Amino acid sequence: MPSNNVPELVTSYSPSEDEDYMSARQLAYFRSKLNAWKDEILRGAKETVNIMQKETENHPDLVDRASSESDRALELRTRDRQRKLISKIDEAISRIDDGSYGYCEETGEPIGLGRLEARPTATLSIEAQERHERSERVHRDD
């Protein structure tokens, strides 16, 4: 039985190079994986809201107050990054729906199962991503 509300497909199946690339089963697997990831992030966000509502106490000690404010700011920055990640997850699910998931948006070539396992929101193949990063470094150095 899957733990932590992770769909059984994600825990009981692993995409293989022996299958047709982006077969219906692989697409269902990645959809389940993306939805489980999104649900985990949303659960964490709810916990953060609950904790922050409970911790509205005023700290009389300046050091305690500064520490609490620093922790709160860090948590809010983390949640903002995760909000952006949810957007990328939703975009990946849309690509599953339109049939473009798993293919490089730059070259149209397969991104590869290994890369998608490691980064299910990937839109570029490793080669295209490396070219993109080299280009960014060159332009940043100008």
Side-chain angles (χ1 to χ4, degrees), residues 1-59 62-142:
M1 179 158 190
S3 62
N4 299 334
N5 297 327
V6 177
E8 186 174 341
L9 181 61
V10 174
T11 59
S12 66
Y13 166 77
S14 182
S16 163
E17 299 289 339
D18 298 336
E19 303 171 276
D20 287 338
Y21 187 70
M22 290 299 111
S23 64
R25 190 169 187 200
Q26 287 181 359
L27 290 171
Y29 167 80
F30 283 111
R31 179 187 300 277
S32 292
K33 185 172 184 139
L34 288 160
N35 280 320
W37 193 11
K38 181 178 175 179
D39 290 345
E40 180 184 325
I41 292 168
L42 291 173
R43 272 193 309 278
K46 285 180 185 176
E47 289 174 22
T48 297
V49 168
N50 289 337
I51 290 169
M52 287 182 150
Q53 286 174 340
K54 290 177 185 174
E55 291 183 356
T56 57
E57 64 208 42
N58 193 1
H59 298 286
L62 289 177
V63 175
D64 288 345
R65 186 178 311 150
S67 176
S68 178
E69 290 299 319
S70 177
D71 291 349
R72 177 174 265 163
L74 176 62
E75 186 65 33
L76 290 173
R77 280 195 306 273
T78 300
R79 292 297 163 203
D80 186 52
R81 281 194 298 274
Q82 290 179 336
R83 179 187 54 79
K84 292 173 184 171
L85 179 56
I86 286 175
S87 176
K88 289 182 178 188
I89 291 170
D90 287 340
E91 290 169 8
I93 292 169
S94 291
R95 288 193 304 278
I96 289 173
D97 293 339
D98 71 20
S100 63
Y101 183 81
Y103 296 91
C104 179
E105 65 182 16
E106 191 174 287
T107 65
E109 295 294 315
I111 291 174
L113 293 175
R115 178 152 168 77
L116 290 171
E117 276 289 345
R119 188 177 186 96
T121 58
T123 60
L124 299 173
S125 65
I126 291 175
E127 296 80 15
Q129 182 68 39
E130 288 172 348
R131 280 193 305 275
H132 179 74
E133 289 173 3
R134 276 194 302 273
S135 173
E136 279 185 345
R137 273 194 298 267
V138 168
H139 289 42
R140 187 175 55 226
D141 293 341
D142 288 346

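Note that the numbering runs from 1 along the sequence shown for the chain. Predicted, not measured: the structure shown is a model, and the values here were computed from it.
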State the [atom1]-[atom2] distance between [X] and [Y], to the nearest 0.5 angstrom.
{"X": "E40", "Y": "N35", "atom1": "CD", "atom2": "CG", "result": "12.5 Å"}
{"X": "I89", "Y": "I41", "atom1": "CD1", "atom2": "CD1", "result": "4.0 Å"}
{"X": "S16", "Y": "Q26", "atom1": "OG", "atom2": "CD", "result": "8.0 Å"}
{"X": "S125", "Y": "E105", "atom1": "OG", "atom2": "CD", "result": "10.5 Å"}
{"X": "R134", "Y": "E136", "atom1": "CZ", "atom2": "CD", "result": "12.0 Å"}

(Q) side-chain contact (heavy atoms from CB on, under 4.5 Å) for E127 and E109? Distances and angles first, verdict last. (A) CA-CA 10 Å; E127 296 80 15; E109 295 294 315; over 6 Å; no
Q.
Please determine whether a side-chain nitrogen of the Lys or Arg among E47 and R43 lies less than 4.0 Å from a carboxylate oxygen of the Asp or Glu.
A. no
Q. With the threshold set at 4.0 Å, does a side-chain nitrogen-carboxylate oxygen contact exist between D80 and K84?
A. yes
Look only at the side chain of [X] and the backbone of [Y], and say whether a donor-acceptor pair between them is shorter than 3.5 Å.
{"X": "Y21", "Y": "G102", "answer": "yes"}
{"X": "R95", "Y": "Y103", "answer": "no"}
{"X": "Y101", "Y": "P120", "answer": "yes"}
{"X": "T78", "Y": "L74", "answer": "yes"}

Q. So, do K38 and D90 sit near enough that their side-chain heavy atoms are less than 4.5 Å apart?
A.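 Yes, close enough: below the 4.5 Å cut-off.
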With sequence neighbours left out, what residues match [X] under side-chain contact (heavy atoms from CB on, under 4.5 Å)?
{"X": "D97", "result": "R31, I93"}
{"X": "S70", "result": "none"}
{"X": "S94", "result": "none"}
{"X": "L76", "result": "M52, R72"}

Q: List the steps and the verdict of side-chain contact (heavy atoms from CB on, under 4.5 Å) for M22 and L116.
A: CA-CA 11 Å; M22 290 299 111; L116 290 171; 3.7 Å; yes
Q. If you take all heavy atoms of S14 and E19, which pair is closest and at what distance?
A. O-OE1, 4.4 Å
Q: Mind listing the closest non-hydrogen atom pair of I96 and L34 along with its distance?
A: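 Scanning both residues completely, I find the closest heavy atoms to be CD1-CD1, 3.9 Å.
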Q: Report the residues that fulfil side-chain hydrogen bond (donor to acceptor under 3.5 Å, both in side chains) with E91, sequence neighbours left out, ordered by chain and then residue number.
A: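 If we apply the side-chain hydrogen bond (donor to acceptor under 3.5 Å, both in side chains) test to E91, skipping adjacent residues, there are no hits.
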Q | Heavy atoms from other residues, nucleotides or ligands near CG of D20 exceed 12 (cutoff 6.0 Å) | A | no
Q.
Restricting to salt bridge (charged side-chain N to carboxylate O under 4.0 Å, His left out), what partner residues turn up for E106, sequence neighbours left out?
A.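 With sequence neighbours excluded, E106 shows a salt bridge (charged side-chain N to carboxylate O under 4.0 Å, His left out) to R131, given in chain and number order.
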Q) How are the rings of Y29 and Y13 set relative to one another: parallel (under 30°), tilted (30 to 60°) or perpendicular (over 60°)? A) perpendicular
